[in-house]
Undergrad: 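The structure under discussion is supplied below as structure tokens; questions concerning it will follow.
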Amino acid sequence: MRVKAVIHLDYFKENISLVRAKIGKNTDICVPVKADAYGHGAYEIAGVCEEAGVGCLGVAAVQEGTELRKKGIKLPILLFSQPSYEEIPEILGTELIPFVSNFSFADELNAQAVSRGAKIPVHLKIDTGMRRLGCEPEEALSLARHICGCKGLKLAGTATHLAVSDSADAGDRAQTERQISLFNEAVNNIKAAGIDPGIVHAANSGAVILHPGAWFDMVRPGILLYGYDTVSAGKASSGSKDPYEPVPVKPVMELRSVVSLIKKIKKGESVSYGGTWTTCEDTFIGVINAGYADGLPRLASGKWQVVISGKTYPLAGRICMDQCMANLGVEHDVKQFQEAVIFGGEAPDAGVLAERIGTIPYEITCNINKRVPRVYIG
Ligand SMILES: *Cc1c(COP(=O)(O)O)cnc(C)c1O
């Protein structure tokens, strides 16, 4: 294979156990499998989730949910994004559980559910500061009442989303605690009115690590289960981090390629497009079968390296669409077609690569292209 993404389902399982150990028996897990499970393969990850007995899955696109259903996944599936009204029949057909942020969507869902003689579970979404989906906290009770008055709807859950929960910075922690208390207040108002809010949930990965007060009945950690502690990476540069207890998860994805060709170049010669890198001595160059079309960011040109049988070699020149070049040095013992690890495993992981180029591990793993075969282990 020219390049492959090795996916350690065994590590994913271990990461679920680590999160479970952290949150305790009374809190369930919703596993976000949107964006093809952050690039890891939604169907395969969902299979592990079913085995591991997690509470539900989360998708962003209706079509992502439909695909999982077609392949036989039975777990409840939450729909994290606001769909269009045209997508409602598919939502009902594949039994996705949508978030409801306003009265008009509740009405439209209700009308279509009633016309099919169905009563479908929905989760009330409350905006406590993310300023994305959700109703205003002051509206939450009346929207909950409205949902309960809809013959075709059942209030099965109440949720919010946290904006800065993965920052250990004191100000960001305080901001998250404010969101949690706004959410608590809204949920308590609903309960006080005699309405069952269903499954109450708020925590993404950051809150699983830093904010026990956000765990409620269920947590929704994505990146943490895929093996990255973004609290330690994220805002490291802000310098004002308060202590916390990390969760020792293992990165689930490794990107592995091969040295497709080795050649000797002369002192003063440049490598790759733009001639941005010039060797100051005669050296050997290894052509690696991975480029930005595979998901190795072009911005990593000049900033990354590969590991070949335990030794590290810097990339030389620009990363191309399908290939990149490594400087093997004046002398080397690399053989043609030997494996070159780009990230994960014996090489630094996608979180380190992300930090190096100013992005987040989410973007690195999501961007591993479809043409890169996933090889599943465990
Ligand atoms: C993606 C998503 C999550 C998971 O976020 P992580 O930062 O990966 O833990 C949780 N909740 C919602 C609503 C999401 O869209």
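All ligand and atom numbering here is 1-based and tracks the order in the structure. Because the structure is a prediction, the values reported are computed rather than measured.
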Undergrad: Please could you name the atoms of ligand 1 that Gly222 approaches to less than 4.0 Å, counting only its heavy atoms?
TA: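 Answer, ordered by atom number: 4 (C), 6 (P), 8 (O), 9 (O).
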
Undergrad: Return yes or no for this condition: an N or O of Asn204 is under 3.5 Å from an N or O of ligand 1.
TA: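 No; the residue has no nitrogen or oxygen that sits under 3.5 Å from a nitrogen or oxygen of the ligand.
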
Undergrad: Do the side chains of Tyr376 and Phe343 join up, straight or via other hydrophobic residues, at under 4.5 Å, putting them in one cluster?
TA: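 Tyr376 clusters together with Phe343.
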
Undergrad: Please answer whether the main-chain N or O of Val334 pairs with a side-chain N or O of His332 as donor and acceptor at a distance below 3.5 Å.
TA: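 Such a contact is found between His332 side chain and Val334 backbone.
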
Undergrad: Give a yes-or-no answer on whether the side chains of Ser257 and Asn289 include a donor-acceptor pair shorter than 3.5 Å.
TA: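 Distance-only check fails for Ser257 and Asn289.
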
Undergrad: So which heavy atom on Ser167 is nearest to which on Leu210, and how close?
TA: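 Closest pair (atom of Ser167, atom of Leu210, distance): O-CD1, 3.4 Å.
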
Undergrad: Consider every N or O of Pro32 and every N or O of ligand 1, then say whether any pair is closer than 3.5 Å.
TA: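 Between Pro32 and ligand 1, no N or O pair is found under 3.5 Å apart.
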
Undergrad: Is Arg220 in polar range of ligand 1, meaning some N or O pair under 3.5 Å apart?
TA: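 Arg220 vs ligand 1: N/O contact under 3.5 Å present.
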
Undergrad: Can you tell which part of His161 has a heavy atom less than 4.0 Å from ligand 1: side chain, backbone, both or neither?
TA: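 It is the side chain that gets close, since no backbone atom is under 4.0 Å.
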
Undergrad: Using a 3.5 Å cut-off and no angle test, enumerate the donor-acceptor pairs between side-chain atoms of residues 139-151 and protein atoms at least two apart in sequence or in another chain.
TA:
residue: Glu139; atom: OE1; partner: Glu136; partner atom: N; Å: 3.1
residue: Ser142; atom: OG; partner: Glu139; partner atom: O; Å: 3.0
residue: His146; atom: NE2; partner: Asp107; partner atom: OD1; Å: 2.6

Undergrad: What residue and heavy atom of the protein are closest to atom 2 (C) of ligand 1, and at what distance?
TA: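 Going by distance alone, atom 2 (C) of ligand 1 is nearest to Lys34 NZ, 2.4 Å.
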
Undergrad: May I ask whether Tyr38 has any heavy atom positioned less than 4.0 angstrom from an atom of ligand 1?
TA: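 The answer is yes: ligand 1 sits under 4.0 Å from a heavy atom of Tyr38.
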
Undergrad: Under 3.5 Å between some N or O of ligand 1 and some N or O of Pro221?
TA: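 The answer is no, given that Pro221 and ligand 1 share no N or O pair closer than 3.5 Å.
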
Undergrad: Using a 4.0 Å cut-off to any heavy atom of Tyr362, which atoms of ligand 1 qualify?
TA: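 With Tyr362 as reference, the close atoms of ligand 1 come out as 6 (P), 7 (O), 8 (O).
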
Undergrad: Please state which protein non-hydrogen atom is closest to atom 9 (O) of ligand 1 and give its distance, to 0.1 Å?
TA: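 Atom 9 (O) of ligand 1 sits closest to the protein heavy atom Ser205 OG, 2.5 Å.
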
Undergrad: Should Tyr226 and Leu75 be counted in the same cluster of Ile, Leu, Val, Met, Phe, Trp and Tyr side chains packed under 4.5 Å apart?
TA: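 Same cluster: Tyr226 reaches Leu75 through Ile, Leu, Val, Met, Phe, Trp or Tyr contacts under 4.5 Å.
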
Undergrad: Taking atom types as modelled and ignoring hydrogens, do the side chains of Ser270 and Thr278 form a donor-acceptor contact shorter than 3.5 angstrom?
TA: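 Thr278 and Ser270 do have a side-chain donor-acceptor pair below 3.5 Å.
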
